[in-house]
Visitor: 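Okay, here's the structure, questions in a sec.
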Amino acid sequence: MRSADPRSVDPRSVDPRDSAFIRACRREPVPHIPVWFMRQAGRSLPEYRKIREGIPMLEACRRPELVTEITLQPVRRYQVDAAILFSDIVVPLAAVGVDLEIVPGVGPVVARPIRSAADLDRLRPLDPAAVGYVSAAVAALRAELGGTPLIGFAGAPFTLASYLVEGGPSRHHERTKALMYGDPGIWHQLLARLAGIAGGFLQVQVDAGASAVQLFDSWVGALSAADYATFVAPHSAAALAAVADRGVPRIHFGVGTGELLGPMAEAGAEVVGVDWRVPLDQAAARAGPRRALQGNLDPAVVFAPWDAVARQVDQVLAAGRAAAGHIFNLGHGVLPDTDPDVLARIVERVHTGSGSTGRPSAASASAAGST
Ligand code: CP3
């Protein structure tokens with residue numbers, strides 16, 4: 001039963017749309033700077049390694065109970081302001097029939113790379129029923145998470161193309177670029193198909209109850225701004241547009257994208273993710289006043305002594321004040337050897353140390369007034 005006293009309301013009944021995370025995405029006042037970590041689910045958590053023992057990655061992604069539990073683990077441990085679905089950017093590719101596996105310590109490996117017009121036919125549109133296990137997991141998570149938002153995600157067309165064309169992880173993306181420059185016709189068809197699959201995967205997650213989405217273009221920093229505009233931006237924009245009418249904030253992230261922050265901000269998302277190479281005040285100038293920013297602590301900083309970590313966290317918070325909205329995060333994913341206790345301390349510092357950001361919250365002001 002609901003009580004009139006806001007302090008006794010079951011947190012499960014709170015609407016995620018009122019959360020600090022969603023408010024920051026919308027550039028609204030927040031009670032504290034919200035924080036979550038890319039790749040927080042899995043990686044460094046011992047409870048994750050235990051529950052995953054003996055289960056291949058893609059198989060784990062297809063078991064809703066396991067996905068639900070792994071997604072909740074970092075929320076319990078770190079008190080982060082958002083959950084991110086445990087899945088992978090290649091899950092929808094496997095669902096449309098691409099023969100691939102995720103090799104531990106390596107990443108996605110594709111049996112038959114895509115390099116010709118004939119290969120394109122292997123990339124069929126995504127049938128939502130083919131990822132019914134994702135819908136089931138998202139629905140279960142919505143019930144468990146209460147007021148904590150769940151972030152759904154997809155890989156952006158360029159990053160997915162890199163895995164498909166190279167056949168696996170690549171440092172220089174040479175075959176990908178050979179196709180892009182050498183056969184723009186096939187390239188654009190490939191990216192259009194991938195935008196359809198990525199957009200479809202985002203729709204499935206939002207329709208099942210995800211409160212926000214992130215488009216990961218992890219490797220697009222390999223391109224110049226001019227090539228990004230010609231060969232990638234329209235397709236990333238199409239993937240983001242697939243959920244434009246759903247009313248959920250969209251985050252657009254890449255690594256090494258300092259030169260691309262302006263064009264990435266133009267692709268349509270409400271929030272631009274920034275890696276650690278560009279201070280957030282400079283990133284804010286590049287992304288413009290109509291975009292919130294997410295980032296950007298160097299994930300390697302957590303290996304330094306706590307005093308140094310705290311200083312770096314404070315610097316990110318200070319630079320973030322220049323942004324129209326700030327979601328604290330790492331500049332890329334949690335590194336595998338990260339000490340979970342350091343991440344927990346970072347969350348605590350962001351929550352307490354960010355009280356003086358000059359953005360008093362309407363929510364906390366009204367709560368104070370009612371007591
Ligand atoms: O953020 C989260 O915690 C949610 C889960 C998530 C995973 N992958 C789980 C995963 C997310 C958001 C991803 C996205 C992803 N996958 C990206 C974009 C984000 C980024 O880091 O740039 C990319 C490029 C991939 C492709 C991929 N899948 C890589 C590079 C790897 C790592 C390979 C390795 O072992 O080092 C994977 C596998 C993967 N995805 C793991 C997890 C937890 C590790 C697999 C395992 O635990 O066995």
Side-chain angles (χ1 to χ4, degrees), residues 35-63 66-75 77-78 80 82-94 98 100-110 134 137-138 141 150-164 166-171 173 176 194 198 201-202 205 210 212-222 236 239 251-257 273-276 294-296 299 329-338 340 343:
V35 47
W36 68 280
F37 302 113
M38 291 184 278
R39 310 296 289 270
Q40 67 189 15
R43 287 278 166 133
S44 59
L45 288 181
E47 58 267 37
Y48 165 73
R49 295 208 192 99
K50 188 154 180 277
I51 202 173
R52 268 283 320 279
E53 236 166 65
I55 308 171
M57 177 66 190
L58 281 174
E59 166 66 23
C61 294
R62 293 180 185 129
R63 295 196 197 172
L66 205 52
V67 170
T68 304
E69 173 57 22
I70 295 172
T71 302
L72 292 171
Q73 285 176 344
V75 180
R77 200 192 251 258
Y78 301 133
V80 278
I84 180 156
L85 183 75
F86 178 78
S87 187
D88 196 85
I89 58 169
V90 297
V91 162
L93 299 180
V98 176
L100 60 85
E101 57 179 323
I102 296 179
V103 179
V106 176
V109 174
V110 179
V134 169
V138 171
L141 279 161
L150 175 68
I151 303 168
F153 70 92
F158 178 85
T159 290
L160 293 177
S162 171
Y163 284 110
L164 289 174
E166 304 291 339
S170 163
R171 180 186 281 242
H173 313 281
T176 311
L194 293 173
F201 195 51
L202 295 179
Q205 295 168 80
V213 295
Q214 176 155 327
L215 191 68
F216 281 96
D217 211 348
S218 303
W219 314 137
V220 80
S236 295
I251 308 166
H252 194 179
F253 167 77
V255 182
T257 47
V274 185
D275 84 356
W276 62 92
Q294 177 174 280
N296 70 344
N329 205 315
L330 303 177
H332 195 185
V334 174
L335 294 166
D337 292 332
T338 298
L343 294 184

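Along the sequence shown, residues carry numbers from 1. First listed ligand is number 1; within each ligand, the first listed atom is number 1.
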Visitor: Any protein heavy atom at under 4.0 Å, with atom 14 (C) of ligand 1 as the reference point?
Guide: yes
Visitor: At what distance is the nearest protein heavy atom to atom 19 (C) of ligand 1, and which residue and atom is it?
Guide: Phe216 CD2, 3.3 Å
Visitor: Residue-level breakdown please: for Met57 versus ligand 1, do any non-hydrogen atoms fall below 4.0 Å on the side chain, on the backbone, on both, or on neither?
Guide: side chain
Visitor: Could you tell me whether some N/O pair between Tyr48 and ligand 1 is separated by less than 3.5 angstrom?
Guide: yes
Visitor: Nearest protein heavy atom to atom 40 (N) of ligand 1, by residue and atom, and its distance?
Guide: Asp88 OD1, 2.8 Å
Visitor: Does any part of the side chain of Leu45, heavy atoms only, come nearer than 4.5 Å to the side chain of Pro74, both counted from C-beta?
Guide: yes
Visitor: So do Thr68 and Thr71 actually touch side chain to side chain, heavy atoms under 4.5 Å?
Guide: no
Visitor: Provide, to 0.1 Å, the distance between atom 3 (O) of ligand 1 and the closest protein heavy atom, together with that atom's residue and name.
Guide: Ala41 N, 2.7 Å
Visitor: Out of curiosity, is Gly333 lining ligand 1, as in a heavy atom under 4.0 Å away?
Guide: no
Visitor: For residues Pro56 and Glu101, determine if any side-chain heavy atom of one lies less than 4.5 Å from a side-chain heavy atom of the other.
Guide: no
Visitor: What protein heavy atom sits nearest atom 20 (C) of ligand 1, and how far off is it?
Guide: His332 NE2, 3.2 Å
Visitor: Quick one: CG on Leu85 to SG on Cys61, what's the gap to the nearest 0.5 Å?
Guide: 8.0 Å
Visitor: Of all the non-hydrogen atoms in the protein, which one sits nearest to atom 38 (C) of ligand 1, and at what distance?
Guide: Ile102 CG2, 3.4 Å
Visitor: Rounded to the nearest 0.5 Å, what separation is found between the CG atom of Asn329 and the CD atom of Gln214?
Guide: 7.0 Å
Visitor: Counting C-beta onward and ignoring hydrogens, is there a side-chain heavy-atom pair between Leu194 and Leu164 closer than 4.5 Å?
Guide: yes
Visitor: In the protein, which heavy atom is nearest to atom 34 (C) of ligand 1, and how far is it?
Guide: Gly105 N, 3.6 Å
Visitor: Keeping the roles fixed (side chain from Asn296, backbone from Asp275), state whether a donor-acceptor pair exists under 3.5 Å.
Guide: yes
Visitor: Using heavy-atom distances, let me know which of Gly155, Gly254, Ser87 sits nearest atom 6 (C) of ligand 1.
Guide: Ser87
Visitor: For atom 23 (C) of ligand 1, what's the nearest protein heavy-atom neighbour? Residue, atom name and distance, please.
Guide: Ile89 CD1, 3.5 Å
Visitor: Would you indicate which of Pro336, Ser218, Ser44 comes nearest to atom 18 (C) of ligand 1 when only heavy atoms are counted?
Guide: Ser218
Visitor: Could you name the option among Arg52, Met38, Gln40, Arg39 that has the heavy atom nearest to atom 32 (C) of ligand 1?
Guide: Arg39
Visitor: Output yes when a side-chain donor or acceptor of Asp217 lies under 3.5 Å from a complementary backbone atom of Thr159, and no otherwise.
Guide: yes
Visitor: Determine whether the side chain, the backbone, both or neither of Gln214 has a heavy atom under 4.0 Å from any heavy atom of ligand 1.
Guide: neither
Visitor: Measuring from atom CD of Gln73 to atom OH of Tyr78, what distance do you get when rounded to the nearest 0.5 angstrom?
Guide: 10.0 Å
Visitor: Just going by heavy-atom distances, which of Phe153, Tyr163, Trp219 is nearest to atom 12 (C) of ligand 1?
Guide: Phe153
Visitor: With a 4.0 Å cut-off on heavy atoms, does Leu85 reach ligand 1?
Guide: yes
Visitor: Can you tell me how far apart CD1 (Ile89) and CG (Leu215) are? Round to the nearest 0.5 Å.
Guide: 10.0 Å
Visitor: Any sub-3.5 Å donor-acceptor pair from Gln40's side-chain atoms to Ala82's backbone N or O?
Guide: yes
Visitor: Provide the number and element of each atom of ligand 1 under 4.0 Å from a heavy atom of Phe86.
Guide: 43 (C)
Visitor: Starting from atom 29 (C) of ligand 1, what is the nearest protein heavy atom, named by residue and atom, and what distance separates them?
Guide: Pro108 CD, 3.9 Å
Visitor: Backbone N or O of Thr176 within a donor-acceptor pair of the Glu166 side chain at under 3.5 Å?
Guide: yes
